[in-house]
Amino acid sequence: MSAAPARRRFLTARWCNLILANYPVADELLRPLLPPGTELDQFPEWNLRFYVTHEGQRGVCFVREFVPRWLVATLARVIYNEPYRAARMTMGVKDQPDSLTADYGVNWGGRVHSLHAVGAKPAFRPGPDSAERFFKEHFLGFGTSRRGRLIRYEVYHPEWDVYPVREFRADVDWGALYGPEWAVMNGKEPASVVLAAGSEVSVYPRGTG
């Protein structure tokens with residue numbers, strides 16, 4: 001990834017030990033959510049995002065994002081029309097000599113939804129044509145403004161190493177988390193799972209189109 005631009009950032013954070021669980025989803029669930037000018041590219045993720053292209057550039061689009069801070073969620077919705085929600089969340093990471101275990105939970109809709117993954121060590125850098133690199137290395141995000149226009153933003157971070165996943169569990173009620181139309185995903189197994197080491201990240205708005 002090239003150097004970050006010298007302009008005001010929308011968001012800075014540290015994303016570490018990310019579980020990327022990738023599920024095949026019917027196109028008709030995603031097409032109503034596409035920002036203007038984008039087309040479906042690949043699978044959604046648990047957080048929940050899906051992959052799109054715009055004028056030949058690959059990026060991501062979010063269905064819903066959960067954060068533990070009410071202020072962050074409110075500002076993201078009001079200023080950028082991003083689908084953030086504030087919820088009670090838990091996380092636990094166990095770093096052992098031969099493995100890394102990550103557990104995440106979000107309390108929503110009257111229950112706790114959880115993800116669990118165990119990765120083997122050492123972590124490695126996936127090849128340029130690998131599925132792992134495709135799912136973790138996207139540097140453009142797209143959304144829709146309140147006026148129905150395309151919103152674009154850039155995400156900057158160094159390339160992430162990944163841990164080979166040897167165990168994964170998801171206890172998620174898709175309908176409760178994302179809306180009743182997503183209940184068809186309950187009980188489905190992911191097509192792939194990536195456990196990424198993560199890093200500091202910066203997000204820069206690129207305006208509307």
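Along the sequence shown, residues carry numbers from 1.
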Minimal non-hydrogen separation, [X] against [Y], with atom names:
X      : Y      : answer
Trp160 : Ser199 : NE1-OG, 2.8 Å
Gly143 : Pro35  : O-CB, 3.3 Å
Val155 : Val203 : CG2-CG2, 4.2 Å
Ile151 : Thr144 : CD1-C, 3.8 Å
Phe135 : Ser192 : CE1-OG, 3.4 Å
Gly148 : Pro36  : O-CG, 3.0 Å

So, do [X] and [Y] sit near enough that their side-chain heavy atoms are less than 4.5 Å apart?
X      : Y      : result
Val93  : Thr101 : no
Phe66  : Leu177 : yes
Val194 : Tyr163 : no
Leu34  : Phe50  : yes
His138 : Arg58  : yes

Going only through I, L, V, M, F, W and Y residues with side-chain contacts under 4.5 Å, is there a path from [X] to [Y]?
X      : Y      : answer
Val118 : Met91  : no
Tyr104 : Val112 : no
Val162 : Tyr51  : yes
Phe134 : Phe62  : yes

Ring centroid separation for His116 and Phe168, is it under 6.0 angstrom? no
Please find out if less than 6.0 Å separates the ring center of Tyr156 from that of Tyr204. yes
Rounded to the nearest 0.5 Å, how far does [atom2] of [Y] lie from [atom1] of [X]?
X      : Y      : atom1 : atom2 : value
Leu195 : Glu167 : CG    : CD    : 11.5 Å
Asp103 : Asn17  : CG    : CG    : 11.0 Å
Leu140 : Thr38  : CG    : OG1   : 12.0 Å
Lys188 : Tyr23  : NZ    : OH    : 10.5 Å
Asp98  : Gln96  : CG    : CD    : 6.5 Å
His113 : Met89  : NE2   : CE    : 11.0 Å

Can you tell me if Arg166 has over 12 outside heavy atoms packed within less than 6.0 Å of its CZ?
yes
Tested for salt bridge (charged side-chain N to carboxylate O under 4.0 Å, His left out) against Asp161, the lone hit among Lys136, Arg125, Arg133 is Arg125
For Leu29, the side chain to side chain contact (heavy atoms under 4.5 Å, CB included) test, sequence neighbours excluded, returns Val25, Glu181, Trp182, Val184
Between Asn81 and Ser145, is any side-chain donor less than 3.5 angstrom from a side-chain acceptor? no
Requested in this report: Run the numbers on Val106 and Arg88 for side-chain contact (heavy atoms from CB on, under 4.5 Å), then give the verdict.
Outcome: CA-CA 6 Å; Val106 57; Arg88 285 182 292 169; over 6 Å; no
*Lys/Arg-Asp/Glu bridge criterion (N-O < 4.0 Å) met for Asp171, Arg111*: yes
| Would Arg49 and Glu65 pass as an ion pair if we require N to O under 4.0 Å? | no
**Asked** So Val60 and Val52, side-chain contact (heavy atoms from CB on, under 4.5 Å) or not? Walk me through it.
**Response** CA-CA 6 Å; Val60 299; Val52 300; over 6 Å; no
Evaluate the side-chain contact (heavy atoms from CB on, under 4.5 Å) criterion for residues Arg152 and Phe142: first the C-alpha distance (whole Å), next the side-chain angles of each, then the deciding distance (0.1 Å), finally the verdict. CA-CA 5 Å; Arg152 291 168 289 191; Phe142 300 102; 3.5 Å; yes
The salt bridge (Lys or Arg N to Asp or Glu O under 4.0 Å) partners of Arg146 (sequence neighbours excluded) come to none
Residue set satisfying salt bridge (Lys or Arg N to Asp or Glu O under 4.0 Å) with Lys121, at least two apart, ordered chain then number -> Asp95
| Test side-chain contact (heavy atoms from CB on, under 4.5 Å) applied to His157 and Glu137, step by step | CA-CA 9 Å; His157 63 74; Glu137 302 296 337; 3.3 Å; yes
Using modelled atom types only, decide if a donor and an acceptor are shared between the side chain of Ser130 and the backbone of Pro126 within a distance under 3.5 Å.
no
